[in-house]
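Have a look at the structure below before the remarks.
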2 protein chains.
Amino acid sequence: MSRPAGTKGERTRARILEAASTLFARSGFNAVSLREIAAQAGMTHAGLLHHFPGKESLLLEVLSIRDREDAAWLFPGLLEPGDAAEPTAVSAAERFWSVVDLTERNSRTPGLVALYTKVVAEAAAPDHPAHAYFVRRYQVLRRELGTLLAAALREADPPVAAEPEAVAQQLLALMDGLQTQWVLEPDRVPMRRRVEEFLALYGLRPAHRATTGPVTG
Amino acid sequence: MSRPAGTKGERTRARILEAASTLFARSGFNAVSLREIAAQAGMTHAGLLHHFPGKESLLLEVLSIRDREDAAWLFPGLLEPGDAAEPTAVSAAERFWSVVDLTERNSRTPGLVALYTKVVAEAAAPDHPAHAYFVRRYQVLRRELGTLLAAALREADPPVAAEPEAVAQQLLALMDGLQTQWVLEPDRVPMRRRVEEFLALYGLRPAHRATTGPVTG
DNA sequence: GTCTATATCGCGATAGAC
DNA sequence: GTCTATCGCGATATAGAC
């Protein structure tokens with residue numbers, strides 16, 4: 001909470017991001033104007049646009065911070081090798097199921113889930129500022145999740161012969177698609193259950209896990 | 001191609017939709033202005049907005065026309081009972097696999113797929129003009145696809161005991177999620193193959209189908 | 001009544017002065 | 001690094017034309 005270290009520009013950026021994060025989470029994307037965000041950060045909207053090229057990129061930055069926090073926990077050592085938690089403290093199987101837990105976590109922040117879905121959809125355009133980011137994101141997730149899945153499939157009840165990266169791609173698609181439906185109709189879409197049913201088809205079961213609460217609430 | 005029948009207002013609406021469809025498919029959503037669409041339809045942008053409440057709803061209408069064409073073929077008799085093709089000309093199993101074929105068809109129109117994904121994402125907001133439409137769309141798809149799946153599961157190699165609507169929900173989510181990834185990286189996402197792998201887990205295989213080309217090219 | 005146009009608003013984005 | 005000024009945009013209200 002204390003003032004972040006760094007240059008004045010970096011502190012201003014952080015101030016803007018905090019204001020944007022609060023307002024987006026509260027009111028969505030379209031309903032919030034750059035002028036509001038700028039006012040909350042103590043500037044005009046043109047001043048804000050000196051730090052971020054546009055409104056869309058502001059949303060992307062807010063979401064990718066959250067994304068990076070998740071990734072740092074799930075795949076320690078992937079990003080900044082600095083101060084990640086002890087790398088091999090948890091088993092591959094445990095970390096795999098914590099990926100599934102993200103589904104549950106997302107259920108608690110429907111506003112941001114909807115925004116994330118929106119940004120992914122718009123990033124389809126090759127010239128979109130977030131395009132390269134999402135391409136890389138899915139590549140990394142497929143590979144890392146595939147590695148965890150390979151281990152889990154070997155340990156499965158009868159070991160299952162399946163291409164881990166293909167299953168990872170299916171799993172990521174299933175989770176994304178369930179989120180789309182869940183955002184529309186939360187009560188009719190038991191995300192976690194559908195994911196577990198899917199994994200059970202490959203012989204993967206949650207086993208006896210404590211309610212670890214693996215990711216920051 | 002000849003002038004559509006109906007009142008003047010209906011003809012104007014059709015003219016606007018044709019202009020919008022052309023321009024959206026060519027340049028996407030954001031890059032096209034209401035003023036351009038209106039000009040191509042021979043009016044001012046305010047005149048256009050007399051027929052459609054906003055730009056978003058214009059896109060929704062364009063996409064839902066296409067959606068309705070698909071639905072009319074897959075689930076004859078669901079909508080206007082007027083002149084649908086002979087209802088029981090094809091078996092449930094055949095119609096089920098033609099749903100999967102839609103995935104292939106979509107691969108040929110990446111621009112519209114991206115727009116569709118974008119609209120679904122934005123329709124998450126309960127007050128969005130398309131919200132009710134998509135809620136109903138997924139309800140109908142789950143139910144109808146569930147019915148087809150129930151028949152297919154009974155005929156499966158060893159008959160599979162699974163909740164048809166739950167499998168339908170998984171299948172729809174998988175297809176949506178695969179589209180998201182495919183739009184970003186067409187070469188790395190073999191949609192059709194992933195869907196078939198998934199259905200094989202439930203004992204469902206395409207069997208010996210001719211290359212029917214079930215939906216209008 | 002049905003349709004279209006003019007006028008005005010706040011918006012996101014850009015250019016240039018300080 | 002922040003501002004003022006300006007642009008075209010989507011949207012709304014309201015008045016006018018058929």
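Naming convention: chains lettered A, B, ... in sequence-line order (proteins, then strands); numbering from 1 in each chain. Keep in mind that this is a model prediction, so the values were computed, not measured.
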Give every pair of a protein N or O atom and an N or O atom of nucleotides 13-18 of chain D that lie under 3.5 Å apart, one pair per line with the distance.
none

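- A side chain to side chain contact (heavy atoms under 4.5 Å, CB included) with B/Leu34 holds for exactly one of B/Ile16, B/Leu58, B/Thr44; it is B/Leu58.
- Checking side-chain atoms of B/Ser98 against main-chain N and O of B/Asp101 turns up no donor-acceptor pair under 3.5 Å.
- B/Arg142 has a carboxylate O that lies under 4.0 Å from a charged side-chain N of A/Glu185, or vice versa, which qualifies the two as a salt bridge.
- A donor-acceptor pair under 3.5 Å links the side-chain atoms of A/Thr7 to the main chain of A/Glu10, judged by distance alone.
- Contact check, A/His51 against D/dT2: a side-chain N or O comes under 4.0 Å of OP1 or OP2.
- For the atom pair CD of B/Gln169 and CG of A/Leu174, the computed distance is 9.5 Å after rounding to the nearest 0.5 Å.
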Below 3.5 Å is the cut-off: list the nitrogen or oxygen pairs between protein and nucleotides 8-11 of chain D, distance only.
{"residue": "D/dG10", "atom": "OP1", "partner": "B/Leu34", "partner atom": "N", "Å": "3.1"}
{"residue": "D/dG10", "atom": "OP1", "partner": "B/Lys55", "partner atom": "NZ", "Å": "3.4"}
{"residue": "D/dG10", "atom": "OP2", "partner": "B/Leu34", "partner atom": "N", "Å": "3.0"}
{"residue": "D/dG10", "atom": "N7", "partner": "B/Arg35", "partner atom": "NH1", "Å": "3.0"}
{"residue": "D/dG10", "atom": "N7", "partner": "B/Arg35", "partner atom": "NH2", "Å": "3.4"}
{"residue": "D/dA11", "atom": "OP2", "partner": "B/Lys55", "partner atom": "N", "Å": "2.8"}
{"residue": "D/dA11", "atom": "N7", "partner": "B/His45", "partner atom": "NE2", "Å": "3.1"}
{"residue": "D/dA11", "atom": "N6", "partner": "B/His45", "partner atom": "NE2", "Å": "3.0"}

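- The pair A/Glu197-A/Arg194 meets the salt-bridge criterion, since a charged nitrogen lies less than 4.0 angstrom from a carboxylate oxygen.
- Dashed line: the shortest gap from a side-chain N or O of B/Thr44 to OP1 or OP2 of C/dT4 is not under 4.0 Å.
- Atom CZ of A/Arg15 is separated from atom CD1 of A/Ile37 by 13.5 Å, given to the nearest 0.5 angstrom.
- Among pairs with a residue in residues 109-118 of chain B, those fulfilling salt bridge (charged side-chain N to carboxylate O under 4.0 Å, His left out) read A/Glu122-B/Lys118, B/Lys118-B/Glu122, at least two apart in sequence or across chains.
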